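Step one of this worksheet: look at the structure below.
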Amino acid sequence: MTRGAAMVAAVVALLALLFPASSAFPPAGQQQQPLDPHFYDHSCPQAQQIVASIVGKAHSQDPRMAASLLRLHFHDCFVKGCDASILLDSSASVVSEKRSTPNKDSARGFEVVDEIKAALEAACPRTVSCADVLALAARDSTVMTGGPGWIVPLGRRDSLGASIQGSNNDIPAPNNTLPTIITKFKLQGLDIVDLVALLGSHTIGNSRCTSFRQRLYNQTGKGLPDSTLDPAAAAVLRPRCPRSGGDQNLFFLDHVTPFKFDNQYYKNLLVYQGLLSSDEVLFTGSPATAELVKLYAANQDIFFQHFARSMVKMGNISPITGRNGEIRSNCRRVNHN
């Protein structure tokens, strides 16, 4: 069995444990309804296996893809709720969120979502939403890189529009202060525990030079490097992240175990080797967040428990349900276009 096939088999086995047979199904015609892990049990029982299989294949072909798919779910939910608005291309009626500062030249994985959606449409036409695809792909990406699994509540519907303004304003930025980041999470109904746990997703993935350059050269506007960045780590970063140029050069968010979902991210923060200012500030910015960093660095099991719980909570931000929105047949455009 290949490595990719083994990972897919592991996720499918996890799904079998998480989802025993059930007849639960949301009542037909209900306008507003809670999300339900068994939402597709009757209408598309193979949905989760389809998603896991394609995510597994994508991850085996590109180890960066797991982090990219996880990030798409974050960037979707923080803008108008978890409604797949991030997937819409620009059109006569839509200005795509892909053009926003947090997403331009960095958001990726859209082709994988297209492949998942095409397979779902072939199996169960107009049934599984793009928003649910993002939620499932985020979970499967976490599991396939060694992280925790969780039961994904389902039944989201897709938005009819996007908000580039919301994408620019609502997604936490690498240079935001801790109070600003806390506020952005609070506006989504997420608390400090959610914040510190969810940023642990930076245990996998990459960031561009342009997102942390100021820490190397001019953090405070006085031409000095960030005092909370380990000087030895800064020296390693500078050759590929100069004062000018190299904006798109990629660096691991966790340079120790970059492709493994674990608690190394928090251990890095304890020795001032967080890559982004918004990472390191969790340890340096307040006693409350620092205590959580120390807890997660010391106990990976607790981090995994909190991360899984907070992912479910984040996935429940303002979902579109019932007869609102739509089930897009193509995640890149609304159905009437």
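When a residue number appears, it is its place in the shown sequence, counting from 1. Computed from a predicted structure; not experimentally measured.
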Exercise for the section: Report yes or no: does Arg156 contribute a side-chain atom to a donor-acceptor pair with the main-chain N or O of Asp83 at less than 3.5 Å? Expected result: no

Problem - Heavy-atom donor-acceptor pair, Thr145 side chain to Thr142 backbone, under 3.5 Å - result: yes

Problem - Polar side chain donor-acceptor pair, Thr321 to Arg157, under 3.5 angstrom - result: no

Exercise for the section: Return yes if a side-chain donor-acceptor contact under 3.5 Å exists between Thr180 and Thr183, otherwise no. Expected result: no

Practice task
Please report the C-alpha distance between Arg71 and Ser201 in whole Å, then the side-chain angles of each, then the deciding distance to 0.1 Å, and finally whether the side-chain hydrogen bond (donor to acceptor under 3.5 Å, both in side chains) criterion is met.
Solution key: CA-CA 8 Å; Arg71 186 171 184 258; Ser201 62; over 6 Å; no

Problem - SB check Asp279 Arg215 (cutoff 4.0 Å) - result: no

Exercise for the section: Mark yes or no for whether Asn268, through its side chain, and Asp254, through its backbone, hold a donor-acceptor pair below 3.5 Å. Expected result: no

Handout entry: Salt bridge Lys313-Asp194, side-chain N to carboxylate O under 4.0 Å
Key = yes

Exercise for the section: Without swapping roles, check the side chain of Ser53 against the backbone of Ile50 for a donor-acceptor pair under 3.5 Å. Expected result: no

Handout entry: Asn103 versus His75, side-chain donor and acceptor atoms under 3.5 Å
Key = yes

Practice task
Measure from the side-chain N and O atoms of Lys294 to the backbone N and O of Phe283, and report whether any donor-acceptor pair falls under 3.5 Å.
Solution key: no

Fill in the blank from the handout: Correct closest heavy-atom pair for Glu97 and Ser163 would be OE2-N, 2.9 Å

Problem - Candidate pair Arg213 and Asp247, rule salt bridge (Lys or Arg N to Asp or Glu O under 4.0 Å), full reasoning - result: CA-CA 9 Å; Arg213 173 185 283 120; Asp247 286 5; 2.8 Å; yes

Handout entry: Under 3.5 Å donor-acceptor, Arg139 side chain and Ile151 backbone
Key = no

Handout entry: Hydrophobic cluster partners of Val236 (side-chain heavy atoms under 4.5 Å)
Key = none

Completion exercise
From the list Tyr265, Phe261, Tyr266, Tyr296, ring-ring contact (aromatic ring centres under 6.0 Å, His included) partner of Phe307 resolves to Phe261

Problem - Side-chain ion pair, Lys117 and Asp114, N-O less than 4.0 Å - result: no

Practice task
May I ask you to decide whether Lys57 forms a salt bridge with Glu115, counting only side-chain N to carboxylate O separations under 4.0 Å?
Solution key: yes

Handout entry: Under-4.0 Å salt bridge between Asp89 and Lys98
Key = yes

Exercise for the section: Starting from the C-alpha separation in whole Å, work towards a yes-or-no answer on side-chain contact (heavy atoms from CB on, under 4.5 Å) for Cys82 and His73. Expected result: CA-CA 7 Å; Cys82 307; His73 185 44; 4.3 Å; yes

Practice task
Without swapping roles, check the side chain of Asp230 against the backbone of Tyr272 for a donor-acceptor pair under 3.5 Å.
Solution key: no

Problem - Criterion side-chain contact (heavy atoms from CB on, under 4.5 Å) on Ile171 and Val79, from CA distance to verdict - result: CA-CA 7 Å; Ile171 296 172; Val79 182; 3.9 Å; yes

Exercise for the section: Mind listing the closest non-hydrogen atom pair of Ala131 and Ala84 along with its distance? Expected result: N-CB, 3.5 Å

Handout entry: side-chain contact (heavy atoms from CB on, under 4.5 Å) assessment of Asp191 paired with Lys186
Key = CA-CA 6 Å; Asp191 59 28; Lys186 185 176 181 180; over 6 Å; no

Problem - Minimum heavy-atom distance between Met314 and Cys77, given as atom pair plus value - result: O-SG, 3.8 Å

Practice task
Write out all pairs satisfying salt bridge (Lys or Arg N to Asp or Glu O under 4.0 Å) with one or both partners inside residues 257-277, taking only residues at least two apart or from two chains.
Solution key: none

Exercise for the section: Examine distances only and state if a side-chain atom of Asn335 and a backbone atom of Ile327 form a donor-acceptor pair shorter than 3.5 Å. Expected result: yes

Handout entry: Side-chain donor/acceptor of Asn169 to backbone N/O of Gln165, under 3.5 Å
Key = yes

Practice task
Please confirm whether Arg240 makes a cation-pi placement over Phe251, using NZ or CZ under 6.0 Å from the six-membered ring centre and within 45° of the ring normal.
Solution key: yes

